[in-house]
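Order of the sequence lines fixes the chain letters, A, B, ..., with proteins taken first and strands second; residue numbering starts at 1 for each chain. Not measured: the values here are computed from a predicted model.
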Amino acid sequence: NAGVTQTPKFQVLKTGQSMTLQCAQDMNHNSMYWYRQDPGMGLRLIYYSASEGTTDKGEVPNGYNVSRLNKREFSLRLESAAPSQTSVYFCASSDPGLAGIYEQYFGPGTRLTVT
Amino acid sequence: DAKTTQPNSMESNEEEPVHLPCNHSTISGTDYIHWYRQLPSQGPEYVIHGLTSNVNNRMASLAIAEDRKSSTLILHRATLRDAAVYYCILTQFSVNRDDKIIFGKGTRLHILP
């Protein structure tokens, strides 16, 4: 199993450009998440999807859109990139189960720089 | 959401035990205590979780205070590979299955050779 994969690993954008970050998991998990991590900070939740066909806002959703394409894939789109979106982006997945006990599995991250 | 408080950083010598503290004085009865760690340039990884009883796994042990207002992650014999940021997180079962978890800044653990 590859676990959670993310593409690309690195990206440099100019202000105003758009791009989509891709995430896929092969663990048959229902829930998927997008986080950002700024230097020296913890992770902040951008959007999450509790199941295929549903998405919800997290702590910092402004400037982003998401698509849960199918159970495996969850993409994050920046429509008009801004320097404040320079960050490392992590995708994660989990399957909480009835008891709510779960582990989140994280991808390797995408390092995005907006100039 | 209940919050956790952790020291910003800690140091330990290689091959010695490490005790990483976490305070969560506003924990509710249904909150689970999770620990994740983040190695340099990697995504976070799950370490251990518990509810009321102490827990052991191959990576670490989790000691939970009787009143559940604090917990301690124990690495029994630290190696250089254990240098990471350790996050103590409270999670709660949601009937909507929107199982968000909130990461704080965590504790940066330095291991001295």
Side-chain angles (χ1 to χ4, degrees), chain A residues 2-6 9-10 21 23 25 27 29-61 68 87-111, chain B residues 1-9 22 27-53 55 57-60 62 64 84-109:
Chain A
V4 179
T5 57
Q6 293 183 236
K9 285 188 169 49
F10 301 94
L21 280 64
C23 173
Q25 53 93 7
M27 296 172 281
H29 286 166
N30 284 307
S31 300
M32 296 186 73
Y33 314 82
W34 277 105
Y35 294 88
R36 61 176 287 175
Q37 186 173 35
D38 300 328
M41 304 290 288
L43 280 75
R44 291 185 293 170
L45 183 65
I46 304 171
Y47 270 93
Y48 65 100
S49 169
S51 62
E52 185 180 351
T54 68
T55 61
D56 284 287
K57 295 178 181 179
E59 186 185 354
V60 288
R68 183 74 182 267
S87 192
V88 180
Y89 291 84
F90 290 101
C91 177
S93 71
S94 73
D95 206 6
L98 292 175
I101 301 170
Y102 63 92
E103 300 174 29
Q104 287 198 8
Y105 294 83
F106 285 80
T110 293
R111 191 173 296 274
Chain B
D1 292 331
K3 291 187 176 178
T4 63
T5 305
Q6 299 177 253
N8 289 334
S9 67
C22 181
I27 191 170
S28 74
T30 53
D31 282 334
Y32 287 86
I33 302 159
H34 277 75
W35 283 82
Y36 281 74
R37 73 178 186 181
Q38 187 173 19
L39 301 171
S41 301
Q42 295 189 26
E45 63 175 346
Y46 166 85
V47 176
I48 200 166
H49 77 272
L51 184 61
T52 56
S53 304
V55 184
N57 67 20
R58 64 174 181 81
M59 289 181 72
L62 176 59
I64 301 172
V85 178
Y86 287 79
Y87 298 98
C88 171
I89 299 160
L90 301 182
T91 61
Q92 191 172 67
F93 172 62
S94 166
V95 293
N96 295 324
R97 298 172 69 85
D98 56 345
D99 46 314
K100 305 185 290 294
I101 60 176
I102 307 296
F103 285 83
K105 292 187 180 180
T107 296
R108 184 173 295 278
L109 177 63

Quiz item: So does A/Arg111 have more than 12 non-hydrogen atoms from other groups sitting under 6.0 Å from CZ?
Solution: no
Quiz item: Tell me, do B/Tyr36 and A/Phe106 make a side-chain contact under 4.5 Å, heavy atoms counted?
Solution: yes
Quiz item: B/Gln42 versus A/Phe90: any side-chain heavy-atom pair under 4.5 Å?
Solution: no
Quiz prompt | Non-neighbouring partners of B/Tyr87 that pass ring-ring contact (aromatic ring centres under 6.0 Å, His included), sequence neighbours left out | solution = B/Phe103
Practice problem: For residues 34-49 of chain B, pull every pair meeting salt bridge (charged side-chain N to carboxylate O under 4.0 Å, His left out), keeping only residues two or more places apart or in separate chains. | Solution: B/Arg37-B/Glu45, B/Arg37-B/Asp82
Quiz prompt | Partner chain B: residue of A/Glu59, A/Gln37, A/Gln6 with the largest heavy-atom pair count (under 4.5 Å) | solution = A/Gln37
Quiz prompt | Rounded distance [0.5 Å steps], OG1 in B/Thr91 versus CD in A/Glu103 | solution = 11.5 Å
